[in-house]
Amino acid sequence: MVFESDAQSTLPNAPPPKHEFDGHRGDIWSLVFSHHNVHIVSGSWDGTMCKWDCDTGLLVGESWKGDGGRILALELSPDGRTIACGREDGSVQRWNTDGKMIEGVWTGHSKAVRSLSWSPGGSHLASGCEDGTMLIRKAKSGEAAVGPIKTDQVWVRSLAYSPSGNRIASGG
């Protein structure tokens, strides 16, 4: 669902939904807005991604399909050109915003990728896994820059780079 909100509003109730996205065969687990705020991309339990028009709620083109099972995490790059996709099989895929998968599926996790975070400049991508590890990769090559890092969490469900890019936080 997409909601319109008025940041100035002091009403205690949530606004009514503007759109419900109808096109996936499974639950939506992750969403990212485009930088220009015209589209939103959804990742689903059915293993597909869909690009939606925020004004009409209509599907833009066809669903995006790739291998690796369910989609559990999406993250838009800082330049707005690449969407990272965390999959059930432990892989990370990169897609352009027109729905074309970028060559080179990244592997290295033993279980599902639950979280993703781009460094502020887009030079690195961190991924968090159900096995409690995280990897930080060079965005151009996919080569591991750091890790795997074993956290004290059962799952790494959330990752966030600091604005300066010299720290990363994980939550599980």
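Each residue takes its place number in the sequence, starting with 1. As the structure is a prediction and not an experimental result, all values here were calculated from the model.
- Using a 4.5 Å heavy-atom cutoff, the side chains of L116 and V92 are in contact.
- Following chains of ILVMFWY side-chain contacts shorter than 4.5 Å, one cannot reach I149 starting from L125, and the two form parts of different hydrophobic clusters.
- Taking 4.0 Å as the cut-off between side-chain N and carboxylate O, D98 and K51 count as a salt-bridged pair.
- Atom CH2 of residue W118 and atom OG1 of residue T82 lie 5.0 Å apart, to the nearest 0.5 angstrom.
- The shortest side-chain heavy-atom distance between S63 and C50 falls under the 4.5 Å cut-off.
- Distance CE/M101 to CE/M49: 8.5 Å, rounded to 0.5 Å.
- Cluster membership check: L31 shares its hydrophobic cluster with F33, using side-chain heavy-atom separations under 4.5 Å among Ile, Leu, Val, Met, Phe, Trp and Tyr.
- Grouping the Ile, Leu, Val, Met, Phe, Trp and Tyr side chains by contacts below 4.5 angstrom, directly or via other members, places W95 apart from V60.
- Closest approach of A144 and L135 over heavy atoms only: CB-CD2, 4.4 Å.
- Looking only at side-chain heavy atoms (C-beta outward), R94 and W106 come within less than 4.5 Å of each other.
- Taking a 6.0 Å sphere around CG of D79, one finds it holds more than 12 heavy atoms contributed by other residues, nucleotides or ligands.
- Of all non-hydrogen atoms in G128 and L159, the two that sit nearest each other are N-CD1, 3.4 Å.
- The shortest distance between side-chain heavy atoms of R137 and H124 does not fall below 4.5 Å.
- The closest donor-acceptor contact from the side chain of E130 to the backbone of V156 lies at 3.5 Å or more, if one exists at all.
- One distance of note links CH2 of W45 with CD1 of I71; it measures 11.5 Å at 0.5 Å rounding.
- With R87 contributing its side chain and G47 its backbone, the two residues share a donor-acceptor pair below 3.5 Å.
- W64 and E62 share no donor-acceptor pair across their side chains, judged by distance under 3.5 Å alone.
- In terms of heavy atoms, S162 sits closest to P120 at O-CG, 3.2 Å.
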Exercise for review: Run the numbers on V38 and C54 for side chain to side chain contact (heavy atoms under 4.5 Å, CB included), then give the verdict.
Suggested key: CA-CA 6 Å; V38 173; C54 289; 6.0 Å; no
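- Side-chain atoms of S127 and H109 form a donor-acceptor pair, as typed in the model, at a separation below 3.5 Å.
- Remark: S119 OG to I136 CD1 distance equals 9.0 Å, nearest 0.5 Å.
- Residues in residues 67-76 take part in these side-chain hydrogen bond (donor to acceptor under 3.5 Å, both in side chains) pairs, two or more places apart or across chains: R70-E88.
- The distance from the OG atom of S30 to the CG atom of L74 is 4.0 Å, given to the nearest 0.5 Å.
- Closest heavy-atom contact between G122 and A139: O-CB, 3.3 Å.
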Exercise for review: Any chance you could lay out the side chain to side chain contact (heavy atoms under 4.5 Å, CB included) test for R114 and C129, step after step, and finish with the verdict?
Suggested key: CA-CA 5 Å; R114 290 279 179 170; C129 180; over 6 Å; no
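- Residues I102 and I83 fall into different hydrophobic clusters, defined by Ile, Leu, Val, Met, Phe, Trp and Tyr side chains chained together at heavy-atom separations under 4.5 Å.
- Linking Ile, Leu, Val, Met, Phe, Trp and Tyr whenever their side-chain heavy atoms come within less than 4.5 Å leaves V113 and L72 in two separate clusters.
- With a 6.0 Å radius and a threshold of 12 heavy atoms from other residues, nucleotides or ligands, K150 has its NZ atom above the threshold.
- To the nearest 0.5 angstrom, L76 atom CG is 13.0 Å from H39 atom NE2.
- Closest approach of S110 and D131 over heavy atoms only: OG-OD2, 2.7 Å.
- Side chains of M134 and I168 form a contact here, defined as non-hydrogen atoms less than 4.5 Å apart.
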